[in-house]
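As structure tokens, the structure follows; a few thoughts come after it.
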Amino acid sequence: MMFRKFTVWAAMLLLFVALPPTGHHAARAESGGISVEGAWVRAIPPVVKNTAGYLEIFNKGAKTEQLLAVTTRIAKAVEIHNVFKKDGMMEMRPVKSVPIPAGGSTALNPGGYHLMIIGLRRIPKTGETVELTLKFRRAGTVKVIARVRHDAPTEHGHGMKPMKMKH
Amino acid sequence: MPHQELMFYQEKPHRPVSPPRPRGPFPVRLPALMALIMLLVLTAACEKKPESKLPRYEKIGGKFTLAGQNSQPVSLSDFKGKALLIFFGFTNCPDICPTTMLTLKRVHTQLGERAGQLQVVFITLDPERDGPKQMAEYVAHFDKSFVGLTGSLEQIREVAKRFSVFFKKNDAGSAAGYLISHTDVIYLIDQEGTTRGLYQAKDPVEKMLGDVKSLLE
């Protein structure tokens, strides 16, 4: 009886550990305590030369991390922007960095922090991928593959949200 | 003897005070029921849609004339007979504006067969960079039926003022050049041109959809 109970628990534990924590809509990039998931770039009409990029950063380290800069080959520049409400107006401004707390995560989502991809050299099309190079203060360079999407991924569609696992 | 008195009281016949209840399964009297049925029939026969309960914002919005995709003048009155959802933004806005356009697209799609009764209009606050062709191509990305409007800075300022839209050029040192800070309200206009709803860009689709539906046939 005890043995059976043990095997059931062991099997459940193994299953939990073996399950990959990635969302299947984008690859997971990892380096130096930092992992980046769910990266996507918005597909826009060709007349527009700028678009936005979004992703979620997980910091497994013991100290606060900072995203300092992003580059990509498909555009002249990438800036990190945040949206502020000032005098009732929504204002988008470049920020110097994005903090990611130790043992926590920071999401770049529509309406908040986002990457502004400026001066597109080619127009990203829905379904394609775009490589983004992220520079962190501690972790250094992390390359991320972002999927080009027409709209944000929803909770219920396009795969499950990646599981956050504590190691 | 008390016991006897009690028995006598109990034996007293019960006289009903109100008229006899009607027989049959209905708890309501027959004449009242017939009156109710007649009222329902009359109401259904009228075929007139009840007046929507949405508020009327008489001081927000109003007539305007701006430039359409071929630089032709487009007025609010051109959309008479359709409900409108109007949003003010600019095409170089990578986050809020596309997100809002997608929300409006969702409302439009969820109207199904009645989608043709709703017109989505995107008005630029950046006429310097957003010319008629730019606007037309931008909105077409979201839906072929959406309309983009531009004009001279004076015309845009005037329309923005009527809709209580505040906007400001921002030179925040971005490689994208100047950005525009702006209020992000979505306006619902009824078929006669009166503003009937105000929404935030991040409001749920259901809220807008419900209000739009209340205006349609």
Side-chain angles (χ1 to χ4, degrees), chain A residues 40-55 69-72 75-96 107-121 123-126 148-155 157, chain B residues 69 87-103 105-106 109 122 124-126 129-143 146 148 160 164-185 200-203 205:
Chain A
W40 66 280
V41 166
R42 194 190 290 286
I44 36 80
V47 278
V48 181
K49 297 292 171 256
N50 312 316
T51 188
Y54 307 95
L55 40 86
V70 181
T71 53
T72 179
K76 290 198 194 109
V78 181
E79 288 171 3
I80 308 165
H81 282 225
N82 202 355
V83 180
F84 302 90
K85 195 154 190 188
K86 197 175 159 193
D87 304 324
M89 295 183 277
M90 303 308 277
E91 187 178 308
M92 289 161 281
R93 262 202 325 259
V95 295
K96 285 205 172 72
L108 277 69
N109 275 331
Y113 280 119
H114 57 276
L115 303 177
M116 188 166 175
I117 302 170
I118 300 164
L120 287 159
R121 293 192 175 111
I123 303 301
K125 292 202 179 72
T126 306
V148 181
R149 304 182 55 99
H150 185 69
D151 195 356
T154 55
E155 291 272 351
Chain B
Q69 66 178 50
F87 183 65
F88 292 78
F90 62 110
T91 69
N92 279 291
C93 163
D95 184 55
I96 297 177
C97 302
T99 308
T100 307
M101 294 304 289
L102 285 164
T103 299
K105 166 74 174 172
R106 257 181 231 117
T109 305
F122 180 59
T124 185
L125 296 168
D126 187 12
R129 294 187 298 204
D130 293 342
K133 283 281 179 287
Q134 175 100 348
M135 290 298 284
E137 288 188 42
Y138 183 81
V139 297
H141 172 81
F142 300 99
D143 190 281
F146 290 5
S164 300
V165 170
F166 295 93
F167 68 105
K168 193 173 70 127
K169 246 193 203 176
N170 241 339
D171 201 345
S174 167
Y178 64 83
L179 294 170
I180 300 202
S181 309
H182 58 98
T183 47
D184 64 341
V185 175
Q200 293 266 266
K202 54 184 185 294
D203 276 351
V205 172

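Chain letters run A, B, ... following the sequence lines, proteins first and then strands; every chain starts at 1.
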Item to complete: Go through A:Pro46, A:Pro110, A:Gly53 and name the one with the most non-hydrogen pairs under 4.5 angstrom from chain B.
Response: A:Pro110
Discussion item. Would you compute the distance between atom CE of A:Met92 and atom CD1 of B:Ile96 and round it to the nearest 0.5 angstrom?
Written reply: 5.0 Å
Which donor-acceptor pairs under 3.5 Å do side chains of residues 171-179 of chain B form with protein atoms, sequence neighbours excluded?
residue  : atom : partner  : partner atom : Å
B:Ser174 : OG   : A:Glu79  : OE1          : 2.7
B:Ser174 : OG   : B:Ala176 : N            : 3.0
B:Tyr178 : OH   : B:Asp126 : OD1          : 2.6

Practice prompt. Identify the two heavy atoms, one from A:Arg42 and one from B:Pro94, that lie closest to each other, and give their separation to 0.1 Å.
Written response: NE-O, 3.6 Å
Worksheet item: Quick one: of B:Ile180, B:Asp184, B:Leu102, B:Thr91, who has the most non-hydrogen atom pairs under 4.5 Å with chain A?
Response: B:Leu102
Discussion item. Applying side-chain contact (heavy atoms from CB on, under 4.5 Å) to B:Arg106 and A:Asp151, what does each step give before you reach the verdict?
Written reply: CA-CA 11 Å; B:Arg106 257 181 231 117; A:Asp151 195 356; 2.3 Å; yes
Item to complete: Dump the intermediate steps for side-chain contact (heavy atoms from CB on, under 4.5 Å) on B:His141 and A:Val47, then the final yes or no.
Response: CA-CA 10 Å; B:His141 172 81; A:Val47 278; over 6 Å; no
Worksheet item: Taking every heavy-atom pair that is under 4.5 Å apart, which of A:Lys86, A:Lys49, A:Lys76, A:His81 has the most such pairs with chain B?
Response: A:His81
Worksheet entry | Under 4.5 Å from a heavy atom of chain A, the part of B:Lys168 involved | both
Item to complete: Output the distance between atom CZ (B:Phe166) and atom CE (A:Met90), rounded to the nearest 0.5 Å.
Response: 15.5 Å
Fill in: Contact class of A:Tyr54 relative to chain B, heavy atoms under 4.5 angstrom
side chain
Discussion item. So for B:Asp95, is it side chain, backbone, both, or neither that comes closer than 4.5 Å to the heavy atoms of chain A?
Written reply: both
Response to the item:
One should read off an interatomic distance between B:Ser181 OG and A:Lys85 NZ, to the nearest 0.5 angstrom, of 12.5 Å
